[in-house]
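Everything on this sheet refers to the single structure shown next.
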Amino acid sequence: VGEDEIQRERGEARMKERDRAEGKAKPARTGEEENKMSSKDTEREQTKVKANKAGKNQKEKRQEKREEKVKDPKNKREKREGERNSEEERPKENQRTKGEKEIKEEREEGDGQEGEGWGSEPKQAKKKPKERKAKDETKHPEKGRKSKEKSKEVANEGGAKKRKSKEEDDKKKSKKLKEEAEENKKKEEDSKWKWWEEEKTDDGVKWKQLEHNGPYFAPPYEPLPDDVRFYYDGKPMKLSMATEEIATFYAKMLDHEYTTKEIFQTNFFHDWRKEMTSEERKKIKHLEKCDFKEIHKYFVDRNEARKALPKEEKQKLKEEADKIQEEFGYCNLDGHREKIGNFKTEPPGLFRGRGDHPKMGMLKKRIMPEDVIINCSKDCKIPEPPLGHKWKEVRCDNTVTWLASWTENIQNSIKYIMLNPSSKLKGEKDWQKYEVARRLKGVVDKIRSQYRADWKSREMKKRQRSVALYFIDKLALRAGNEKEEGETADTVGCCSLRVEHIKLHSELDGQEHVVEFDFLGKDSIRYYNKVPVEKPVFKNLQLFMENKDPGDDLFDRLNTTVLNKHLQDLMDGLSAKVFRTYNASITLQEQLKALTNADDNVAAKLLSYNRANRAVAILCNHQRATPKTFEKSMQNLQAKIDAKKEQLEEAQVELKRAKADLKAKKDVKSKAAVEKKKKLLEKLEEQLLKLNVQATDKEENKQIALGTSKLNYLDPRISVAWCKKFGVPIEKIYNKTQREKFAWAIDMADENFEF
DNA sequence: AACCTGACTTAGTATACCCCAC
DNA sequence: GTGGGGTATACTAAGTCAGGTT
């Protein structure tokens, strides 16, 4: 119920939410989205199919358009200009209908420049509630890490009573514990680097000293054993090593949906043939005649065997991995040991794009040292390339944060090795991001009233800009850069919306001026939403869509560069994505305020937190595939609920009986029995309620991913303050990794922090 | 102004891992 | 001890945005 209120309060309606509100009693999503999706397949599946179809039409159209452009670019351009000019007139007509506002508008336009002063940053004092925390940490240096071990030990002890020969084990363990503790101590000391208490420099220099061991390269290809064969046209065929390697990439993916897709197959086969020897190429002409099944089985078996490995073997493997982590996983940055995020080069394989990606199945080549640029201090020990190899380049650029880079062959873009989110370099940037968002809080009202005013501007450009900004602000849409056609999946953001992505309803379900959005956003995640908008926005959209084809840009006079330049003028550091951060964080703060009940127990408070978190995830459209095990675990939960209900009924019957007993006997004993039954009943009721809440929570979370917003959009200080204020242990909302990433916030925010 | 590119953040999914009930 | 279910981590694709070049 609370959640529905939230949504209403925000004055907008992500469609799903509204449907839920309409359904009232029904907690699960119902309504149109599902009606529309007739089959039982998952919504996303449907979405994709639909999108694919749409995509094809679009693409054909757009292709045509492009061809036209190529044929006669000038002609097209002129035509477009003509359209624009005539459009330019139209706003004036509209203004007339809006009456006397013209004058006001002029004034506001003149005032537009007042924005200059907005940039003044509300200086927020760096408070330091650090004292207490620091003390805590020095007192129990390895408490956090140890506690886990300890609990393990306790558990073990319980079991050990049965078996007696535990001593040796224990000894080993305690020794190991000691070692670990020592190591942890060392680590802890390093990770205790409180960079946030140091002076910040803002000169673009990211480090003074940077030392590391370079990337860890993917292990070389191991040829298949002789008895694992590839068949062509029914006959076994020995492949050259390079060809075989690529075949294994495909074979490994055989039971993945990807390999059923035509583009995937075509791309794969094309790239594979390129790498074949000429004899192989002569022979292998059709993918359908290739039989990878034996290879596939080999890998499946191998994986299983690895899973079934005895303990010691597994232990060994782990130790090896730890060694690698130890050697390549850390670097020295300005005298501090920092964890690296991705210290391994990406292994070769087949490219798995998301959504309807034109390049899926292409061969991702093996990265060699000769492809890699190393970035490190001048005077430090330069990382050794693997034996017999050389680096592409070693440079010393302290204005960037990466340690190594290479160019990837699919999109021809650069990939980097960078630090872990817990590092100073990442943390500082993160902190700064939220500070920018907080500055936006101070000027957002002004910006809002300005874009409202701009809805009536005589300039088409301004109108488009202001409507787009309205969407970005209200719906937390992404900016929407242009993308190269045919290089990536066809997805859009705000500025790249096309006419086909929205539908206008002057009236829908009792609401006026409803815009229906339906498009694929980042990662080809569908954005579907029906939003009532203000009348001028609606009118503007009608205007923008006039005389356009479905495949035309909705905001043809706007792109992200123009928009961001404007935003930069409004506030220093402002760009489109800041609105997402701002709206996400402010929503969390408001929701927490509205939902948290100080008298609740921790579990209930956590539920409130999750609900607030979920409100943000919904706002940002963070989705996930319904977990594979969802149905099952839901059933399990339902079974539990049913069992509880039964128990409850039984308890009721028993209570009645006890009451009758009491009436008959009227002795102390039966009175006590009644009390006991009453208590039991209460307890059961409470448990049932809890289970029901759990089920609701689960259902609501089915397709919503909370992690992304938690990690990237919610100022951690809001959460930290909330925890401190309501006595919720921080571990309940942030796991170990998250606590490391947000160490700065955990340390600096007190319960009074306001975003 | 269009175009390109480098650097960095944000994103969902696959897999590893851990814990608990059996 | 095992299996399964849920969470944490690894992985890498896909965005944003600004600065430079044409």
Side-chain angles (χ1 to χ4, degrees), chain A residues 44 148 151-152 155 159 204 206 218 253 256 303 306-308 311 314 317-318 321 325 329 341-347 349 351-355 357 359-360 364 373 375 397 399-402 405 407-408 410-416 418-421 425-426 429-430 432-433 478-484 487-489 491-496 520-525 559-565 567-568 573-578 580-581 584 617 620-625 627-630 632-634 636-637 698 703-713 734-738 740:
Chain A
R44 295 179 90 208
K148 216 176 176 182
S151 64
K152 234 189 239 166
K206 305 286 166 57
M253 294 176 75
H256 200 290
N303 279 344
R306 210 179 36 203
K307 261 184 226 157
K311 243 187 189 168
K314 273 189 183 166
L317 285 175
K318 198 169 174 227
Q325 164 82 37
N342 56 328
F343 58 87
K344 293 174 178 170
T345 63
E346 293 173 15
F351 177 75
R352 302 152 84 121
R354 300 201 239 259
H357 197 118
K359 297 195 169 185
M360 63 168 75
K364 215 170 86 164
I373 303 174
N375 190 29
D397 182 353
T399 66
V400 296
T401 67
W402 51 270
S405 72
T407 302
E408 148 269 8
I410 303 283
Q411 322 262 12
N412 224 273
S413 65
I414 309 172
K415 298 257 179 166
Y416 302 93
M418 288 185 186
L419 295 184
N420 186 275
L425 249 25
K426 293 286 183 188
K429 203 76 191 291
D430 210 35
Q432 190 190 322
K433 171 181 81 188
R478 296 187 185 81
N481 284 311
E482 292 122 291
K483 327 191 342 184
E484 218 174 323
E487 295 291 305
T488 60
T491 63
V492 297
C494 186
C495 294
S496 48
L520 298 184
K522 183 178 180 180
D523 293 310
S524 293
I525 296 293
N559 60 41
T560 52
T561 314
V562 171
L563 180 66
N564 280 333
K565 276 212 180 102
L567 291 176
Q568 174 65 35
L574 187 62
S575 65
K577 83 187 186 84
V578 179
R580 246 166 106 83
T581 313
C620 295
N621 200 37
H622 289 142
Q623 296 191 22
R624 60 169 181 173
K628 284 191 189 87
T629 54
F630 182 84
K632 212 168 161 194
S633 67
M634 204 63 190
N636 288 347
L637 195 57
K698 200 169 191 140
Q703 290 181 296
I704 299 171
L706 299 185
T708 306
S709 49
K710 205 178 198 176
L711 238 47
N712 299 301
Y713 288 103
Y734 289 142
N735 66 32
K736 183 167 146 275
T737 320
Q738 292 163 342
E740 277 167 14

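In what follows, chains carry the letters A, B, and so on, assigned in the order in which the sequence lines appear, proteins first and then strands, with residues in each chain numbered from 1.
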Is there a side-chain contact between [X] and the phosphate of [N], meaning an N or O under 4.0 Å from OP1 or OP2?
X      : N      : answer
A:H622 : B:dA11 : yes
A:R580 : C:dG15 : no
A:H256 : B:dT13 : no
A:K698 : C:dG6  : yes
A:K433 : B:dT9  : no
A:K429 : B:dA7  : no
A:T491 : C:dG15 : yes
A:T708 : B:dG12 : yes

Scan [X] against the nucleic acid and name what it touches under 4.0 Å (heavy atoms): base, sugar-phosphate only, or nothing.
X      : value
A:K314 : nothing
A:S413 : nothing
A:K307 : nothing
A:K359 : nothing
A:P421 : nothing

Relative to each other, are the rings of A:W402 and A:Y416 parallel, tilted or perpendicular (30° and 60° limits)? tilted

A:K206: partners by salt bridge (Lys or Arg N to Asp or Glu O under 4.0 Å), with sequence neighbours left out: none

Can you tabulate the close N/O pairs, meaning under 3.5 Å, that link protein atoms to atoms of nucleotides 16-19 of chain C?
{"residue": "C:dT16", "atom": "OP1", "partner": "A:A479", "partner atom": "N", "Å": "3.3"}
{"residue": "C:dT16", "atom": "OP1", "partner": "A:G480", "partner atom": "N", "Å": "2.7"}
{"residue": "C:dT16", "atom": "OP2", "partner": "A:N481", "partner atom": "N", "Å": "3.0"}
{"residue": "C:dT16", "atom": "OP2", "partner": "A:N481", "partner atom": "ND2", "Å": "3.0"}
{"residue": "C:dC17", "atom": "OP1", "partner": "A:S575", "partner atom": "OG", "Å": "2.8"}
{"residue": "C:dC17", "atom": "OP1", "partner": "A:A576", "partner atom": "N", "Å": "3.2"}
{"residue": "C:dC17", "atom": "OP1", "partner": "A:K577", "partner atom": "N", "Å": "2.7"}
{"residue": "C:dC17", "atom": "OP2", "partner": "A:N564", "partner atom": "ND2", "Å": "3.1"}
{"residue": "C:dC17", "atom": "O5'", "partner": "A:N564", "partner atom": "ND2", "Å": "3.4"}

Hydrogens and angles aside, do [X] and [Y] bring a side-chain donor and acceptor to less than 3.5 Å of each other?
X      : Y      : value
A:K426 : A:T401 : no
A:E408 : A:S413 : yes
A:K698 : A:S633 : yes

Between A:Q738 and A:R354, the residue closer to the 5' end of DNA chain C by nearest nucleotide is A:Q738

Mapping A:H357 and A:N735 onto DNA chain C by nearest heavy atom, which one lands closer to the 5' end? A:N735

In the structure I gave you, are the side-chain heavy atoms of A:R478 and A:K577 within less than 4.5 Å of one another anywhere? no

Side-chain contact test, heavy atoms from C-beta onward, threshold under 4.5 Å: evaluate it for A:L425 versus A:M418 and give yes or no. no

Candidates [options] - which lies nearest the side chain of [X]:
X      : options               : value
A:T629 : C:dG6, B:dC8, B:dT10  : C:dG6
A:Q411 : C:dG5, C:dA14, B:dT9  : C:dA14
A:W402 : B:dC18, C:dG6, B:dA7  : B:dA7
A:R306 : B:dC8, C:dA13, B:dA16 : B:dA16
A:R624 : B:dT13, B:dG6, B:dT10 : B:dT13

Position toward the 5' end of DNA chain B (nearest nucleotide), A:D430 or A:K628: A:D430

Taking the nucleotide of DNA chain B with the closest heavy atom to each, which residue, A:L711 or A:Y416, is nearer the 5' end? A:Y416

In whole Å, what is the span from the CG atom of A:D397 to the C1' atom of B:dA7? 11 Å

